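Scroll down for the structure; my scribbles are underneath it.
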Amino acid sequence: MKNELLEKIEQELLGKLNEVQRQAVLHDQGPLLILAGAGSGKTRVITHRIAYLCRIKNVAPYRIAAVTFTNKAAEEMKNRLHGLMGPMAESVLVRTFHSLGLYILRKHAAQLGLKSGFSIYDSNDQEALIKKIIKDLNIASAWMTPKSAAERINTARDLMRSPDLMAEKGDRYDEEVVPVYEEYMRRLRANNALDFGDLIYQTVRLFQNHPEILADYQNLWRYFMIDEYQDTNHAQYMLGNLIAGSHGNLAVVGDDDQSIYSWRGADIRNILSFEKDYPKCLVLKLEENYRSTAPILKAASSMITNNESRRDKTLFTRKLEGEKIEYTIYESDQEEAAGVVSKIRSLKNKGIPYNEQAVFYRTNAQSRVFEEMLRREGMAYLLVGGFRFYDRKEIKDLIAYLSVVVNPDDSISLNRIINVPSRGLGEAGLARLEAHALANSTTLHDAMADAENLSGIRAATAIRRLHGLFEKWRGMDQSKPSAILESILEDTGYMQFLEKDENPGESRIENIQEFSNSIQDYEETETSPSLAAYLQQISLYSAESGTESSESVNLITLHNAKGLEYRAVFFTGLEEGTLPHVFSLEDGIEEERRLAYVGITRARELLFISGSRFRRIQGSYQPRLPSRFLSEIDPAVFTQSPARRQTSAPFAARAMDRAQVRPPEVNDLRVDERIRHKSYGPGTVVEVESTVAGLKAGIQFDGEEKTRYFLTKYTPLERLEG
């Protein structure tokens, strides 16, 4: 007979789960794929499975690791585990992918040729270094900017491509970037630094080059779990496979219908081909949704079935009642904003607070009309995913000061603040210091000590004094970062500098005060605080931002909406060219449909869908067609009489007069005709279809086997004779 205590624990961990959730929790050996539909309780399954392994199967907590993509998701997982396991949850390793990489690399810095206290460069630091490299290498490529080169270097590392592999497998643009890539990696090491791409790339390389280190982690983490598996790139995919390689206890959770980040490297094939990697894996589908009403789920399910690259699953709910979806066509994007804001206020009066309402849109640019309308109506709003606290200029300045205290070799951080506040150092003087450092194979920091002995540096005394200040701050107690920050502010006069700044300085001073608060909070919660560890910790903060308030309406792009939910969602801009986006009409329709799916499934109780007949684009009104996704939604989920305003004749006339719609160059294509596309070259029309969005043509281009599809309204084509 089972021990009564064990029975009680089992009831606690399994009692409130549905049958499929229970199967996932009980699976304790071998690979596991959990296809978790939107709102199906995936976090509950992950945390209950970990707790079950520890409390029932007696797996030591430190032998379990779980990774996800955001700090918010990791913190939620930790909190739930603590509620299920108590203090023993502290031994379970729950981190983001980048945090996991940092955790490993800090222990093995020497194998990478790094010293302890290495810096972590963000995207701004990365682009600053690449800008210098492009200049130093005298590269005059018309297309290559620091940003474009950084994007290609980051993509190469996501694909686990070294500079040599980038040259071998990339396109001609990659070939041009290779020397920049090589020099960038060399200078990172010279600066005793890593960047975000390195945190995964170098961890995989470490495991590949040091099998004994890999074996240690395989033995340490006997159970490895990956959340949001559909969002993994190739490097993250390899990391998971390497760690689970010896025991196969890899559990991945995800939803291919919510794969919307291909533009940043996510590869949907990772989740679609999991059984090929692990033929003996158990596959479970979580299809019961606990978030949304039946009409909302029916809308999402009926639309997403039009995707071919997906696994068959259908969300359902026991909440059989629910308001139908209201679909409104407005005359313009301004009228759409006015109508949406009016409904938001109406819902507030009916008891739904502003923070439980959200406006979704496809692109950041669409937020402008909503922001203006909300301000006009005196309603507060939160731009979710807006400017982050740690990205504000004054905060980045102080982080740069602290980074140089920890790592004097960090020339990027030093370059940022060597003349902030102004010390009279011009570009010529800085170039003289950098040339001296290069000629003597030393760092910019060390060159500052010789500033007074160099010609052409008018601010030599001030620069030499700054070098002395860094020596002073470095000599302070590193376990008291807040005291070092206070000294920096006092010794540099940074606060006075802000007060004299032309821009309003009050909010910036408040930001610095909050920054000091964050350091003090860190010191109070860490048993062994250090400035280096604090800087490495805050470098991992993701793009989640903003403070919630019951008085703030949420404005958010579809990409930022993933993982969130609201009582009422206003899904705007459902028009061809907007959603699906004009740049995705040729090859990206399925991901655009997944974006729409994500938007719909964020709504718990009420969903309002809208679009406009005319939208201001590049200064003029242009007519829009309803999104094709609308025709894919089961019509039974809409209200019987969707609000459809009649076109105002004067408005329509003025809009059409101002419209600058480029007429299609070919609008009467026939099968077997020969055409030319500006990018793909000559080809043959193999299919022609009339759709709600206009004429769709299937074209097979010379030298290609697959057929590409285009809306001729958006794709200029040239008809070829013969």
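Count residues from 1 along the sequence. All values below were derived from every heavy atom in this structure, side-chain atoms included, with hydrogens, water molecules and symmetry-related copies excluded. All values reported here derive from a predicted model rather than from experimental measurement.
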So which atom in [X] and which in [Y] form the shortest heavy-atom distance, rounded to 0.1 Å?
{"X": "A74", "Y": "T68", "result": "N-CG2, 3.7 Å"}
{"X": "L630", "Y": "L574", "result": "CD1-O, 3.9 Å"}
{"X": "N554", "Y": "N355", "result": "ND2-O, 3.0 Å"}
{"X": "A38", "Y": "Y597", "result": "N-OH, 4.3 Å"}
{"X": "E592", "Y": "L579", "result": "OE1-CD1, 3.5 Å"}

Counterpart residues, ring pair (Phe, Tyr, Trp, His ring centres under 6.0 Å), relative to [X] (two or more places apart):
{"X": "F570", "result": "F608"}
{"X": "Y173", "result": "W143"}
{"X": "Y237", "result": "H234"}

For [X], all residues meeting side-chain hydrogen bond (donor to acceptor under 3.5 Å, both in side chains), sequence neighbours excluded:
{"X": "R604", "result": "E356, E565"}
{"X": "E127", "result": "none"}
{"X": "S259", "result": "none"}
{"X": "S516", "result": "Q520"}

> Should we count CZ of R269 as having more than 12 external heavy atoms under 6.0 Å?
Replying inline: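 Counting other residues, nucleotides and ligands, CZ of R269 stays at 12 neighbours or fewer.
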
>> Looking at K131, I'd like to know if its NZ atom is crowded, meaning that more than 12 non-hydrogen atoms belonging to other residues, nucleotides or ligands lie closer than 6.0 Å.
In response: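 At most 12 heavy atoms, drawn from other residues, nucleotides or ligands, come within 6.0 Å of this atom.
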
Any donor-acceptor N or O pair under 3.5 Å, side chains [X], [Y]:
{"X": "N560", "Y": "T557", "answer": "yes"}
{"X": "S332", "Y": "E335", "answer": "no"}
{"X": "E326", "Y": "T639", "answer": "no"}
{"X": "R157", "Y": "N154", "answer": "yes"}
{"X": "D333", "Y": "S612", "answer": "no"}
{"X": "T578", "Y": "R624", "answer": "yes"}
{"X": "Y494", "Y": "D397", "answer": "yes"}

With sequence neighbours excluded, what pairs up with [X] under the salt bridge (Lys or Arg N to Asp or Glu O under 4.0 Å) test?
{"X": "R152", "value": "D171, D174"}
{"X": "D125", "value": "none"}
{"X": "K147", "value": "E151"}
{"X": "K562", "value": "E228, D231"}

>> Pair S309, L272 - check side chain to side chain contact (heavy atoms under 4.5 Å, CB included), show working.
In response: CA-CA 8 Å; S309 298; L272 293 178; 4.3 Å; yes

> Parallel, tilted or perpendicular for Y261 and H559, by the 30°/60° rule?
Replying inline: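 Ring orientation, 0 to 90° scale: tilted.
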
> With under 30° as parallel and over 60° as perpendicular, where do the rings of Y361 and F370 fit, or are they tilted in between?
Replying inline: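 Correct class here is parallel.
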
Hey, could you give me the [atom1]/[atom2] distance between [X] and [Y], rounded to the nearest 0.5 Å?
{"X": "R44", "Y": "K42", "atom1": "CZ", "atom2": "NZ", "result": "13.0 Å"}
{"X": "R593", "Y": "N307", "atom1": "CZ", "atom2": "CG", "result": "4.5 Å"}
{"X": "F629", "Y": "I600", "atom1": "CZ", "atom2": "CD1", "result": "9.5 Å"}
{"X": "S292", "Y": "L297", "atom1": "OG", "atom2": "CG", "result": "5.0 Å"}
{"X": "S367", "Y": "I556", "atom1": "OG", "atom2": "CD1", "result": "11.5 Å"}
{"X": "D195", "Y": "I120", "atom1": "CG", "atom2": "CD1", "result": "9.5 Å"}

>> Using side-chain heavy atoms (C-beta onward) and a distance below 4.5 Å, is I589 in contact with R628?
In response: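 The answer is yes; the side chains approach within 4.5 Å.
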
Are [X] and [Y] close enough for a salt bridge, meaning some N to O gap below 4.0 Å?
{"X": "K78", "Y": "E75", "value": "yes"}
{"X": "R80", "Y": "E76", "value": "yes"}
{"X": "D122", "Y": "K396", "value": "yes"}
{"X": "K313", "Y": "E287", "value": "no"}

Donor-acceptor list for residues 376-383 side chains, cut-off 3.5 Å, not counting sequence neighbours:
from : atom 1 : to   : atom 2 : distance (Å)
Y381 : OH     : E371 : OE1    : 2.7
Y381 : OH     : R375 : NH1    : 2.9

>> For a side-chain hydrogen bond (donor to acceptor under 3.5 Å, both in side chains) check, start with the C-alpha distance between T363 and Q366, then their side-chain angles and the critical distance, and finish with the verdict.
In response: CA-CA 6 Å; T363 66; Q366 290 171 254; 3.1 Å; yes

> Can K348 be said to sit on top of Y354's aromatic six-ring, NZ or CZ under 6.0 Å from centre and within 45° of the ring axis?
Replying inline: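 Judged by the rule (NZ or CZ under 6.0 Å from the ring centre, within 45° of its axis), K348 counts as positioned above Y354.
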
>> Please evaluate residues L35 and I271 with respect to the criterion side chain to side chain contact (heavy atoms under 4.5 Å, CB included), reporting the C-alpha separation (whole Å), side-chain torsions for both, the decisive distance (0.1 Å), and the verdict.
In response: CA-CA 9 Å; L35 296 168; I271 192 168; 4.0 Å; yes

> If only atom types and distance count, is the side chain of S302 paired as donor or acceptor with the main-chain N or O of K298 below 3.5 Å?
Replying inline: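 Flag set: sc S302 to bb K298 pair under 3.5 Å.
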
